[in-house]
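Below is one structure, written out as structure tokens; the observations come after it.
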Number of protein chains: 2
Amino acid sequence: MANITDVARVAGVSISTVSYALSGKRPIAEATKTRIAEAVHELGYRPNAGARMLAGSRTNILALTAPMHEDTHPPALMAFVLAVVTAARSFDYDVLLLTEGEATTGLRRVASSSLVDGIVMLDVTTDDERTAVVRELGLPSVLIGIPGDTEGLTCVDLDFEAAARLSLARLVELGHTSVGLMGHAEQLYGRGSNYAPRFRDSFLEAGGESGIATAFHTTEATREGVEASLDGLRAQLPDMTAVVLNCNENIHGILLEVLREREVAVPAALSIVSACSSFSTEHFLPPIDVIPLPAQSSGQRAVELVVQQLAGFVDPHVELIAPTYQRKQSTAPPAAAAL
Amino acid sequence: MANITDVARVAGVSISTVSYALSGKRPIAEATKTRIAEAVHELGYRPNAGARMLAGSRTNILALTAPMHEDTHPPALMAFVLAVVTAARSFDYDVLLLTEGEATTGLRRVASSSLVDGIVMLDVTTDDERTAVVRELGLPSVLIGIPGDTEGLTCVDLDFEAAARLSLARLVELGHTSVGLMGHAEQLYGRGSNYAPRFRDSFLEAGGESGIATAFHTTEATREGVEASLDGLRAQLPDMTAVVLNCNENIHGILLEVLREREVAVPAALSIVSACSSFSTEHFLPPIDVIPLPAQSSGQRAVELVVQQLAGFVDPHVELIAPTYQRKQSTAPPAAAAL
DNA sequence: CTGAAAGCGCTTACAG
DNA sequence: CTGAAAGCGCTTACAG
């Protein structure tokens, strides 16, 4: 494999000139630049990654830690992973993938061997053990998700509070006055990821503010769980005409099936909004209105923030991404209003 | 960050001794080894990755190319990615993740800059453009999946032919004599991934050999598609008592729903086997018998083969992984036999 | 606008 | 069993 010396010889210049021509870090005569470019092309030259890391003390590699929890939805994780990789490449960074088995040890390892320039953390939980490592390493790092203690950390996440309000606002606009929230499984509201309680609390709060009757129920991803949740909400809200789902994907299909059996028409008798979902709600019958979990923009923004940290100092902060509402066919004015 | 010179000084030895002690490439006196280990621990020393790559001309990094096609099932891809990463780590390799946008350019880039020691390719299609690159690069590489032309390539995949036979054998054992195959969407049987036709052909062949009536129908992942497929099979097999699914995950749920509406009991009136599925069939009602797509063992084996190639010459070859059958609650003797 | 040279931190023959 | 030293292929002050 050709090296920089070969290129220099063919182009008739010194290796430093080749290096500078390639990095653009100092002005090079047009003619020289051309000869170097030709030599590079002719020899199929690519700078050796290891030599570059060693001499330049930067690797152009980002670590991406993507653990799988029990409640991790694989397609969601995949969407975030792809988003981060794509964004990283656009800044000329490669991505080293670290998984659960190596949550903290892996981070320590790649950081202290100077294998990576920065870190992007996925699927952050409230008391994530990785946050301590990231603080300790002092490497440019961005979390996608918000841990309990954000002190000294830079985080990116969907604005779950705004998403909760948006889901409700949309239904209120249509005339609904009694809206239930089918939540995740109970365990998610204890420790673990904090987006679930964030959503729930804002939802209930927004209901209070707008004078809407609201109720919340956890939901297990089984038929029984869905029925229990639905019945629980109806018990609290006898006139419920709409339900917001902030829950597991599987629950969506089960709910639609239960409603079909009970001959509850969607959206005629019950409107449905899926909030903060990473999956397509297009194939459901009917397609469900959705406030998507913005994998692409989260990944993009996270990488941007790492790159900015690499370029200079950035104050640790939390960035919330504004939710968007996608209208499909699962919402309508409440039946009572329609009569 | 401490370097090898620091360690050598603290341990009172030369840097070459430190290096050899760490790599184990030559015998070191027990006492010396201990002092070095202490120094390493005391200083929190980790060899610099770039320096190691440059001096050792190996990176301990594997490239993993994981493109997303239209018909890629994200959870499946995720399962393979995790399996490869986990296996790689067990051999002390890290994994650099390459995605679609960089299918061939990315491989060329990381290979010619000596960023990676080997390549694992996921989701290989019949006429995969990456195979040409892999052949040209001459880097240790293993494909998970089988392209049209395997010349010079090492491939690992589930034995789809055996899986097809196994699914049918199980049903025959139960007494079924008329079994339909609900396949993937039509486009998958043209170009693209070749596992679908491999499964179909073996299924039909096995049916012929065992004197069982079989039929095949492509299936679109919509309600209409599923009904069309089911009705199509029934038209060909009026006495059909079992169906093998080698198709999209979404089709499973839709099929169960259609059957429920039509009051076809599973497994009493119709047995179902899901073949080569990467997802859990546990949560369906009833849980569906499955021949899983072995993500874990495929990833494990692929990495092993790359590592073997790294260690010495390995003849390019195709390795098929034997299918396993997991009994759940979706199969039973045919109703006619039960009567 | 360009070059000669030091140095990044390792690995690995070469020597003893 | 251990050390001195070359060398991997770059980047980047230092000089002109």
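Order of the sequence lines sets the chain letters (A, B, ...), proteins ahead of strands, with each chain counted from 1.
Distance CE (A:M53) to P (D:dG9): 15 Å, rounded to an integer number of Å. Across the protein-nucleic acid pair, B:N48 atom CG and C:dT11 atom C1' stand 13 Å apart, rounded to whole Å. One can place CZ of A:R26 at 8 Å from C1' of C:dG3, the figure rounded to the nearest angstrom. The CZ atom of A:R35 sits 14 Å away from the P atom of C:dC1 (whole-angstrom rounding). To the nearest angstrom, P of C:dT11 lies 9 Å from CD1 of B:I15. In this structure, the OH atom of A:Y20 is 11 Å from the P atom of D:dC14, given to the nearest Å. Taking atom OH of B:Y45 as the reference point, atom C1' of C:dG9 lies 7 Å away to the nearest angstrom. Between the CG atom of A:D117 and the P atom of D:dT11 there is a distance of 14 Å, rounded to whole Å.
Residue B:S23 is out of contact with every strand shown, counting any heavy-atom pair closer than 4.0 Å. Among the atoms of the strands shown, none is found under 4.0 Å from any heavy atom of B:S57.
Side-chain proximity of B:R52 to the nucleotides D:dC10, C:dT11, C:dT2 is greatest for C:dT11. Closest to the A:S14 side chain, of the nucleotides D:dA4, C:dG3, D:dT12, is C:dG3. Of the candidates D:dT2, C:dC10, D:dT12, the closest approach to any side-chain atom of B:P47 belongs to C:dC10. Comparing C:dC8, D:dT12, D:dT2 by their nearest atom to the side chain of B:I28 picks out D:dT2. Listed nucleotides D:dC1, C:dG9, D:dA4 differ in distance to B:N3; the shortest reach to its side chain belongs to C:dG9. The listed nucleotides are C:dC14, C:dT2, D:dC10; the one nearest the side chain of A:I4 is D:dC10.
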- [ ] Go through the steps for B:D149 and B:T131 under the test side-chain contact (heavy atoms from CB on, under 4.5 Å), then give the verdict.
- [x] CA-CA 9 Å; B:D149 176 12; B:T131 57; over 6 Å; no
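Regarding contacts with the backbone of C:dT11, every side-chain N or O of B:K25 stays at 4.0 angstrom or more from both OP1 and OP2. The side chain of A:S19 places no N or O atom within less than 4.0 Å of a non-bridging phosphate oxygen (OP1 or OP2) of D:dC10. For the OP1/OP2 pair of C:dT2 and a distance below 4.0 Å, the side-chain nitrogens and oxygens of A:T32 include at least one atom meeting the criterion.
Judged by atom type and distance alone, B:S16 reaches the base of D:dA4 through a side-chain donor-acceptor pair under 3.5 Å.
Look at B:R35 and B:E38 and you find no salt bridge, because none of the NZ, NE, NH1 or NH2 atoms lies under 4.0 Å from a carboxylate O. A salt bridge links B:R108 with B:E136: the distance from a Lys NZ or Arg NE/NH1/NH2 to an Asp or Glu carboxylate oxygen falls below 4.0 Å.
Note that CZ of A:R130 and OG1 of A:T65 are 3.5 Å apart. Values are rounded to the nearest 0.5 Å. Rounding to the nearest 0.5 Å gives a distance of 10.0 Å between OG1 of A:T104 and CG of A:D128.
Residue order along DNA chain D, read from the 5' end via each residue's closest nucleotide, puts B:K33 first among B:K33 and B:A55.
Pairing for D:dA13 is absent, with no Watson-Crick or G-U wobble pair whose two atom distances lie under 3.5 Å. In a base pair of the Watson-Crick type (N1 to N3 plus N6-O4 or O6-N4) or a G-U wobble (N1-O2 and O6-N3), with each distance short of 3.5 Å, C:dA4 is matched with no nucleotide.
No side-chain N or O of A:Q308 forms a donor-acceptor pair with one of A:E304 less than 3.5 Å apart.
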